[in-house]
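Quantities reported herein were computed from a predicted structural model and do not represent experimental measurements. Numbers here simply count residues along the sequence, with the first being 1.
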Amino acid sequence: MIRIFTALEIPDEVAEKLLPLQQGIDGARWIERPDFHITLRFAGDIPEDVADEFAAALEDIPVAPFEVELEGLGEFGGARPHTLWAGVKPSEPLRILQGRHESAARRAGLKPETRNFTPHVTIARLGRVETGEVYSFIRAHSPFAAPAFTVEQFTLFSAKGATGGGPYVIERRYPDFDWAVED
């Protein structure tokens, strides 16, 4: 079994806007810089042959360059927040790309994703953090925005099992721009 997901990597100029946020909540488990990403499709723990089929299906996804912009802060969990995130401004190209990842996952035999797509960059796992502290943090750092960046490829990551949050391993980028140089 292998735990995999597809995502957009976060460039340094955007990460530099996220890193200063990573303080001020006691008990938060801050996500390391190399693990910042925008998940497109979480596949979970799947057999390696299914992972290979998913990886192959991803090869057929076209990527026309488009802009992504982070804006806003939020949490998942409501009355018991467990994740603190920076939001992603909605865009049609991002929605289409995510839909193509969902289709590739289904072609590989994965079950349909039941959660609505809420693009975001996780900046902390919260565990047993006071709800009021999380909402105070969000208010204190709002409005939040980061510079737009151009997406030209997406990445297949693997992860250790357990609670999430990295470290993540880049398995492959699509399309692969590392063409071999001919002699």
Side-chain angles (χ1 to χ4, degrees), residues 2-18 21 31-76 83-125 143-159 164-179:
I2 184 170
R3 176 172 286 200
I4 60 171
F5 63 94
T6 60
L8 303 177
E9 294 179 62
I10 303 299
D12 289 338
E13 62 271 13
V14 175
E16 288 173 12
K17 297 293 186 184
L18 295 169
L21 297 173
I31 303 301
E32 297 289 328
R33 159 60 191 113
D35 295 325
F36 288 155
H37 65 275
I38 301 167
T39 301
L40 296 170
R41 180 54 158 88
F42 181 72
D45 296 314
I46 59 175
E48 291 197 27
D49 62 325
V50 175
D52 290 342
E53 288 181 39
F54 185 38
L58 294 170
E59 292 176 7
D60 296 331
I61 296 176
V63 181
F66 66 95
E67 295 288 306
V68 169
E69 188 175 351
L70 302 187
E71 69 174 9
L73 298 173
E75 54 72 32
F76 291 130
T83 304
L84 179 65
W85 49 259
V88 176
K89 189 174 184 177
S91 76
E92 190 66 7
L94 179 59
R95 186 194 64 74
I96 290 168
L97 181 61
Q98 189 279 328
R100 290 175 176 160
H101 282 241
E102 178 63 29
S103 295
R106 290 183 190 191
R107 283 194 310 276
L110 297 174
K111 292 181 181 177
E113 175 59 67
T114 58
R115 296 171 291 187
N116 290 331
F117 179 55
T118 305
H120 65 279
V121 178
T122 298
I123 55 178
R125 304 276 181 205
F144 171 79
F149 63 96
T150 302
V151 170
E152 296 181 311
Q153 63 185 171
F154 59 88
T155 304
L156 177 65
F157 287 94
S158 64
Y168 303 126
V169 175
I170 295 171
E171 297 294 336
R172 186 165 173 199
R173 290 185 175 106
Y174 300 83
D176 182 0
F177 294 132
D178 295 329
W179 296 293

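- Ring orientation note: the planes of His37 and Phe5 are tilted relative to one another, at an angle of 30° to 60°.
- Here the CD1-CG distance, from Ile61 to Leu40, works out to 8.5 Å after rounding to the nearest 0.5 Å.
- One N or O on the side chain of Gln153 and one on the backbone of Pro175 form a donor-acceptor pair closer than 3.5 Å.
- Here the CD-CZ distance, from Glu102 to Arg107, works out to 10.5 Å after rounding to the nearest 0.5 Å.
- Note that CG of Asp45 and CD1 of Ile2 are 9.5 Å apart. Values are rounded to the nearest 0.5 Å.
- Summarising the geometry, atom CD1 belonging to Ile46 is positioned 12.5 Å from atom NZ belonging to Lys111; distances are rounded to the nearest 0.5 Å.
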> So Thr118 and Phe76, side-chain contact (heavy atoms from CB on, under 4.5 Å) or not? Walk me through it.
Replying inline: CA-CA 10 Å; Thr118 305; Phe76 291 130; 4.0 Å; yes
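- Contact check for Lys17 versus Pro147: side-chain heavy atoms found under the 4.5 Å cut-off.
- The two atoms that bring Ala51 and Ile4 nearest to each other are CB-CD1, 3.8 Å, heavy atoms only.
- Between Asp12 and Arg33, at least one side-chain N (NZ, or NE/NH1/NH2) sits under 4.0 Å from a carboxylate O, which counts as a salt bridge.
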>> Determine whether Leu94 and Leu8 satisfy the following criterion, side-chain contact (heavy atoms from CB on, under 4.5 Å), listing intermediate values before the conclusion.
In response: CA-CA 10 Å; Leu94 179 59; Leu8 303 177; 3.8 Å; yes
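- Closest of all the heavy-atom pairs between Ala55 and Leu156 is CB-CD2, 3.9 Å.
- Taking the six-membered ring where the residue is Trp, Phe154 and His101 present perpendicular rings, their angle passing 60° and hence far from 30°.
- Between Pro143 and Glu71 the shortest side-chain heavy-atom distance does not fall below 4.5 Å.
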> Passes side-chain contact (heavy atoms from CB on, under 4.5 Å), Ile38 versus Val151? Steps please.
Replying inline: CA-CA 11 Å; Ile38 301 167; Val151 170; over 6 Å; no
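- Contact annotation: the side chain of Leu97 approaches that of Phe66 to within less than 4.5 Å [non-hydrogen atoms, C-beta and beyond].
- For the pair Leu21/Phe144, a side-chain contact is recorded, criterion being any heavy-atom separation below 4.5 Å from C-beta on.
- Two residues are said to be in side-chain contact when any heavy atoms from C-beta on lie closer than 4.5 Å; Arg100 and Pro62 meet this criterion.
- Using a distance-only test at 3.5 Å, with no hydrogens or angles considered, no donor-acceptor pair links the side chain of Glu152 to the main chain of Pro65.
- In this structure, Glu113 contributes its side chain and Arg41 its backbone to no donor-acceptor pair below 3.5 Å.
- The CD1 atom of Ile31 sits 10.0 Å away from the CG atom of Leu84 when rounded to the nearest 0.5 Å.
- In this structure, OG1 in Thr39 is found 5.5 Å from NE2 in His120, a value given to the nearest 0.5 Å.
- The two residues Ala146 and Glu69 make their nearest non-hydrogen contact at O-CG, 3.7 Å.
- Under the side-chain contact (heavy atoms from CB on, under 4.5 Å) test applied with Phe157, the options Arg3, Arg172, Glu171, Glu9 reduce to a single match, Glu9.
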